[in-house]
Amino acid sequence: MALRVHDTRRREKVEFSTIEAGKVKMYVCGVTVYDLCHLGHARCYIAFDLVHRWLEHSGYDVLYIQNFTDIDDKIITRSIESGIDWQIIVDENIEAYYDDMDSLNILRADIYPRCTEYVEEMITITQSLIDKEHAYVADDGVWFHVESAPEKYGQLTGQNIDAVLGGAGGRVAESGKRDHKDFALWKAAKPGEPTWQSPWGPGRPGWHIECTAMSMDHLGEQFDIHGGGHDLLFPHHEAEIFQGECHTGRAPVVNHWLHNGFVNMDGEKMSKSLGNFWTIRDICEKVNPLVLRFALINAHYRSPIDMNEQLLHDAARNHGRLLEVYKQALLTMNDNPVSLPRGDVSSAIPLVKSLGLLEKMAESFALAMDDDFNSREAVAKVLGAVREAGKVLDSDMESEDKSAFASHVVEWLEEHAGKVLGLLPNRETLLAVDPRIEEIREQVEKLLADRKAAREAKDWDAADSIRDALNELGVGVVDTADGPEWHLLND
RNA sequence: GCACGGAUGACAGAGCGGCUAUGUGCGGGACUGCAGAUCCUGAAACCCGAGUUCAAAUCUCGGUCCGUGCUCCA
């Protein structure tokens, strides 16, 4: 089945197509680097990471561009407030961005252009728009005149050009705008702000023009996918349509518009003023970053997601079980597995049936991802496979078969949960022995021996108090058929 | 006001014409001194009203409620 994507402009799922066969040119609006990234950013870039991964997995050669907005009002404000040079603020936050995204196992885009490196290109496009009478020069900068291309209005939001009056009327008086719908291409310098030279005097670029300049420079006049949070729909993305299409005379500038849904906190919009604002770092102090990733892809990317304890709890449990089975499979497999029979779901032989089920889940997984990147459904298939695999690995199957099956499970999980969904840590990390274990091993084994004696004497109170003591050491004990097993608590 | 999107079991959340979603939680069972984990198993849902259809969470129309956007925002 072919990939279908929900296109915001066409308002429906459409068959995915590319301008150039086999190649995908994709641009996703990046962050304004005035602060640390929050949960909403995590959601957005994880969503498009999945798009990125699935397209590559489907055989496309993807060119993925994601920008940094490294000059704007908020950065200037932050700089004035803190007394720190704006360029230092920007550099620090870009570093932090990479760290955060790496921790969430987000694959890097191919290029991360910074808008201040494209001022020349922005000036060129702005001049072209002036020449074509889509823009005009005023005292306070250059404005795009929306009424010059009314047919392009509302392509993403469906809003009627006459309907938007909003609170903008008052602002027209304060600015050089001729019309309240117009938006800035170039902002004339204000005292104390960083500036660049332009034909219209010193100043800095407007916000929308940067994405047009950067996407055009790397991807050309028309490209396949443009993504971002759904808050960017208007005005940012509509402005890009105006700028790009009026400048080049070619339409559509973007073939597929993709927008991800927002993250709410306990039912409320996440915002600093409500005090329910979490950075990625905040939340990663509470849970493993991959658990957060699990939680965020456990909903369709377009739906709003409500972040709360329950969600993280569920994610932690499911993700934990996934890693448990993956680890068990890694420890059970061998390097030269015997060849496995062909899977068949209707077989009475457990191994054959299980192999058949895994095969079927792999098919459903692909169908789900092809259906507008339905990661929720894909995750359900992974959990189904985990359950099935766990069952077989715990069974008393003949060991040659079991280790061959384990190899197959490892391959299956690494392909789906790992490569596509990005939920698996690498093998070394997973199998690494925590150094703390060696530090306390002797002490723990002594306590376990005491506990064993107490249990043999059926002195349950003593046995339980030893278990409490172990818990306080940070060690959990689980009794199994093969005797007690212990592990470090937390993580 | 205008625009866009929603409303599915206790909760989260897929499905979008006929087939058990899935997970958490809950009930029963196996295993357990207890606990935990795992496995088996059970109960449980489609906002309301009309219509289309042999058949509707799924399509159409009309309500109701909710969220978001309307030039700061992923």
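Residue numbers start from 1 in every chain, and the chains themselves are labelled A, B, ... in the order their sequence lines are given, proteins ahead of strands.
Across all strands, Arg321(A) comes closer than 4.0 Å only to sugar-phosphate atoms, never to a base (heavy-atom distances). Leu232(A) comes within 4.0 angstrom of sugar-phosphate atoms only, judged by non-hydrogen atoms across all strands, and of no base. Backbone-only engagement by His300(A) is indicated by non-hydrogen atom pairs under 4.0 Å involving sugar-phosphate atoms exclusively. At the heavy-atom level, Asp314(A) lies under 4.0 Å from base atoms of the strands shown. If you check every strand for non-hydrogen atoms under 4.0 Å, Asn374(A) touches sugar and phosphate atoms only. Within 4.0 Å (heavy atoms only), Arg376(A) reaches at least one base atom of the nucleic acid. At a threshold of 4.0 angstrom between heavy atoms, the contacts of His236(A) with the nucleic acid are absent. In this structure, His230(A) reaches the sugar-phosphate backbone alone: every heavy-atom distance under 4.0 Å involves primed, P, OP1 or OP2 atoms, never a base. As judged by a 4.0 angstrom heavy-atom cut-off over every strand, Phe262(A) is placed among the base-contacting residues. Using a 4.0 Å heavy-atom distance criterion, Lys74(A) is classed as a sugar-phosphate-only contact. Within the nucleic acid shown, Gly40(A) comes within 4.0 Å of at least one base atom, counting heavy atoms only. Residue-level contact check: Arg387(A) touches the backbone only, with heavy atoms under 4.0 Å from sugar-phosphate atoms and none from bases. Looking at heavy-atom distances under 4.0 Å, Asp464(A) makes contact with a base. Here Val263(A) lies in heavy-atom contact (under 4.0 Å) with a base.
Contact between the side-chain N/O atoms of Ser303(A) and the OP1/OP2 oxygens of rA14(B) is found at a separation under 4.0 Å. Distances shorter than 4.0 Å separate none of the side-chain N or O atoms of Arg451(A) from OP1 or OP2 on rA35(B). Checking the phosphate oxygens (OP1, OP2) of rC73(B), no side-chain nitrogen or oxygen of Arg43(A) falls inside 4.0 Å. Side-chain N/O atoms of Arg11(A) include none lying less than 4.0 angstrom from OP1 or OP2 on rA3(B). Contact between the side-chain N/O atoms of Asn264(A) and the OP1/OP2 oxygens of rG67(B) is not found at any separation under 4.0 Å. Contact annotation: Lys391(A) reaches the phosphate of rC40(B) (side-chain N/O to OP1 or OP2, under 4.0 Å).
We find that CD of Glu238(A) is positioned 14 Å from C1' of rC2(B), with the value rounded to whole Å. Here the C1' atom of nucleotide rG13(B) and the NZ atom of Lys381(A) are 14 Å apart, to the nearest Å. One interatomic measurement links the two molecules: CD1 of Ile305(A) to C1' of rA14(B), which rounds to 13 Å at whole-angstrom precision. We find that CD of Gln328(A) is positioned 13 Å from C1' of rC39(B), with the value rounded to whole Å. Regarding Leu311(A), its CG atom lies at a distance of 11 Å from the C1' atom of rG23(B), rounded to whole Å. Regarding Glu485(A), its CD atom lies at a distance of 12 Å from the C1' atom of rU38(B), rounded to whole Å. What separates CG of Leu322(A) from P of rA37(B) is a distance of 17 Å, to the nearest Å. Tyr153(A) has its OH atom 13 Å from the P atom of rA3(B), to the nearest Å.
Taking atom C1' in both rC11(B) and rG51(B), the straight-line distance is 34 Å, to the nearest Å. rG28(B) and rC66(B) have their C1' atoms separated by 38 Å, with the value rounded to a whole Å. The same atom, P, is picked in rU68(B) and in rG63(B); the two are 23 Å apart, to the nearest Å. Between the C1' atoms of rG5(B) and rC16(B), the separation comes to 16 Å (whole Å). Taking the C1' atom of each, rU22(B) and rG17(B) are spaced 22 Å apart, rounded to whole Å. Remark: the separation of the C1' atoms in rG67(B) and rA50(B) is 27 Å, to the nearest Å. For the C1' atoms, the distance from rU53(B) to rG18(B) is 11 Å, rounded to whole Å. Atom name C1', nucleotides rC47(B) and rA7(B): the rounded distance is 6 Å, in whole Å.
Test Asp7(A), Asp371(A), Asp372(A), Asp370(A) against Lys13(A) for salt bridge (Lys or Arg N to Asp or Glu O under 4.0 Å) and you get one pass: Asp371(A). Of the listed residues (Asn67(A), Val90(A), Asn93(A), Thr69(A)), just one forms a side chain to side chain contact (heavy atoms under 4.5 Å, CB included) with Thr32(A), and that residue is Thr69(A).
The pair Glu238(A)-Lys181(A) does not count as a salt bridge, with every side-chain nitrogen at least 4.0 angstrom from each carboxylate oxygen. Taking a cutoff of 4.0 Å between a charged side-chain nitrogen and a carboxylate oxygen, Lys327(A) and Glu324(A) do not qualify as a salt bridge. No salt bridge links Lys74(A) with Asp35(A); every basic N to acidic carboxylate O contact stays at or beyond 4.0 Å. The existence of a salt bridge linking Arg108(A) and Asp102(A) is confirmed by a sub-4.0 Å separation between a basic side-chain nitrogen and an acidic carboxylate oxygen. Salt bridge annotation for Lys360(A)-Glu363(A): absent, with no cationic side-chain nitrogen under 4.0 angstrom from a carboxylate oxygen.
For rC39(B), its base never sits under 3.5 Å from the side chain of Asp394(A) at any donor and acceptor pair. In terms of polar N and O atoms assigned as donor or acceptor, the side chain of Arg455(A) comes within less than 3.5 Å of the base of rG33(B) in a complementary pairing.
Base pairing annotation: rA45(B) forms no Watson-Crick or G-U wobble pair, as no partner gives both donor-acceptor distances under 3.5 Å. Base pairing analysis places rA55(B) opposite nothing; no Watson-Crick or G-U wobble pair with both distances below 3.5 Å involves it. Summarising the base pairing, rU60(B) is matched to rA50(B) through a Watson-Crick or G-U wobble pair whose two defining distances lie under 3.5 Å. Shown here, rC19(B) forms no base pair; nothing in the strands shown gives a Watson-Crick or G-U wobble contact with both key distances under 3.5 Å. Partner assigned to rC2(B) is rG69(B), using Watson-Crick or G-U wobble distances below 3.5 angstrom. A 3.5 Å limit on both hydrogen-bonding distances identifies no Watson-Crick or G-U partner for rU32(B).
In the set rA74(B), rA35(B), rG23(B), rA35(B) carries the atom at the smallest distance from any side-chain atom of Arg467(A). When distances run from any side-chain atom of His41(A) to the nucleotides rA37(B), rA74(B), rA35(B), the shortest one goes to rA74(B). Here the side chain of Asp231(A) is nearest to one of rA74(B), rU38(B), rA14(B), namely rA74(B).
Of the two residues near RNA chain B, Asn318(A) and Thr157(A), the one whose nearest nucleotide lies more 5' is Thr157(A). In this structure, Trp460(A) and Val379(A) both approach RNA chain B, and ranking their closest nucleotides by distance from the 5' end singles out Val379(A).
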Verdict with supporting geometry, Tyr136(A) and Asp182(A), side chain to side chain contact (heavy atoms under 4.5 Å, CB included): CA-CA 10 Å; Tyr136(A) 55 91; Asp182(A) 295 352; 2.6 Å; yes
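Using cut-offs of 30° and 60° for the angle between ring planes, the Phe242(A) and Tyr153(A) rings count as tilted. Under the 30°/60° scheme for interplanar angles, the aromatic rings of Phe68(A) and Tyr98(A) are found to stand perpendicular.
Base orientation at rA30(B) is anti, since its O4'-C1' glycosidic dihedral falls outside 90° of 0.
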